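Below is one structure; the comments refer to it alone.
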Amino acid sequence: GESVGLHLPTLSVQEGDNSIINCAYSNSASDYFIWYKQESGKGPQFIIDIRSNMDKRQGQRVTVLLNKTVKHLSLQIAATQPGDSAVYFCAETGGAQKLVFGQGTRLTINP
Amino acid sequence: NAGVTQTPKFQVLKTGQSMTLQCAQDMNHNSMYWYRQDPGMGLRLIYYSASEGTTDKGEVPNGYNVSRLNKREFSLRLESAAPSQTSVYFCASSERETYEQYFGPGTRLTVT
């Protein structure tokens with residue numbers, strides 16, 4: 001079956017440093033990937049997405065990289081701030097408008 | 001524009017009791033979803049509704065039923081709650097043409 005997983009369950013970075021959150025996916029037919037941010041006690045919030053015909057996409061302070069050869073997705077957050085503390089999920093398309101979510105990585109920011 | 005709303009925010013049930021979780025969206029989205037999230041895990045799809053009048057099972061449908069009441073509302077029912085259904089439940093919606101899903105704030109359910 002389809003599965004999406006993350007390399008690391010937790011990531012701790014210094015405020016101001018760049019953060020890199022990784023994700024491995026298994027379905028080579030997936031054509032769309034999304035990163036979500038979930039703050040404590042809240043629902044997931046869309047950050048950025050990328051289609052399979054791209055290998056990089058940039059947003060405000062965030063960049064998503066897609067390597068289809070090794071089925072790897074990463075989220076880079078520049079100049080990490082305290083407000084970036086959250087759990088980050090990657091998701092891939094699961095057919096028929098469905099998404100398959102990974103387990104999540106908890107990002108903590110050290111002052 | 002409230003986005004996706006869910007009621008209640010918290011609920012405690014005894015084993016065997018029933019309840020319905022309500023979800024509504026005001027974005028005129030065609031597709032709606034119910035997920036559960038257990039500690040340390042990602043979201044698992046329970047049921048979804050690709051459009052008004054249709055519902056389909058997701059990854060973990062056992063013990064649940066859904067109703068797509070109209071385009072705005074999608075409810076999730078637990079007929080006989082079990083401790084294994086203790087979880088946080090999220091409702092989401094999306095446009096038919098896109099995969100981006102918008103999530104509600106969640107319902108934290110405890111079954112004792």
Side-chain angles (χ1 to χ4, degrees), chain A residues 1-11 21-27 29-54 57 59 64 66 73 86-106, chain B residues 2-7 9-10 21 23-25 27 29-52 54-61 66 68 74 87-108:
Chain A
E2 300 166 354
S3 66
V4 178
L6 294 174
H7 292 313
L8 294 173
T10 61
L11 178 65
I21 301 170
N22 296 305
C23 177
Y25 64 93
S26 60
N27 184 2
S30 292
D31 60 0
Y32 183 76
F33 304 87
I34 302 181
W35 281 100
Y36 280 91
K37 174 186 181 183
Q38 186 177 26
E39 295 176 282
S40 181
K42 297 183 178 180
Q45 182 180 16
F46 171 88
I47 302 174
I48 193 168
D49 59 4
I50 188 168
R51 293 203 174 273
S52 60
N53 60 355
M54 303 170 69
R57 190 166 188 217
V64 56
L66 176 62
L73 193 66
V87 177
Y88 291 81
F89 294 95
C90 64
E92 63 176 322
T93 51
Q97 295 297 118
K98 293 186 290 184
L99 292 175
V100 176
F101 287 82
Q103 286 185 296
T105 293
R106 180 174 300 280
Chain B
V4 180
T5 57
Q6 293 183 235
T7 55
K9 286 187 166 46
F10 301 94
L21 281 65
C23 173
Q25 52 90 11
M27 295 174 283
H29 285 169
N30 288 298
S31 303
M32 297 185 74
Y33 310 82
W34 275 106
Y35 293 91
R36 62 176 288 173
Q37 184 177 36
D38 299 307
M41 296 183 69
L43 296 104
R44 292 186 291 170
L45 183 65
I46 304 172
Y47 270 93
Y48 69 102
S49 172
S51 61
E52 187 178 354
T54 67
T55 61
D56 288 284
K57 295 179 180 179
E59 181 186 354
V60 289
V66 290
R68 183 73 183 268
F74 189 38
S87 190
V88 181
Y89 291 85
F90 289 100
C91 177
S93 69
S94 70
E95 292 281 1
R96 191 199 306 275
E97 295 79 19
T98 71
Y99 286 98
E100 181 184 345
Q101 295 180 15
Y102 295 79
F103 285 83
T107 294
R108 187 174 295 274

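Throughout, protein chains are lettered first and strands after them, A, B, ... in sequence-line order, and every chain is numbered starting at 1. All of these numbers come straight from a predicted model, not from anything done at the bench.
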Problem set entry | Heavy-atom proximity to chain B below 4.5 Å, by part of A:Q45 | neither
Exercise. When rounded to the nearest 0.5 angstrom, what is the spacing between CD in A:Q38 and CG in B:L43?
Worked result: 6.5 Å
Exercise. Minimum heavy-atom separation for B:Q37 to A:F89, with atom names?
Worked result: NE2-CZ, 3.2 Å
For this session: Using a 4.5 Å cut-off on heavy atoms from C-beta on, say whether the side chain of B:F103 contacts that of A:F46.
Result: no
Problem set entry | A:E39: salt bridge (Lys or Arg N to Asp or Glu O under 4.0 Å) partners, not counting sequence neighbours | A:K42
Problem set entry | Donor-acceptor pair, side chain of B:Y33 and main chain of A:L99, under 3.5 angstrom | no
Exercise. Is it the case that more than 12 heavy atoms not belonging to B:R44 sit under 6.0 Å from its CZ atom?
Worked result: yes
Problem set entry | Over all atoms of both residues, closest heavy-atom pair of A:K98 and B:Y48 | CD-CE2, 3.3 Å
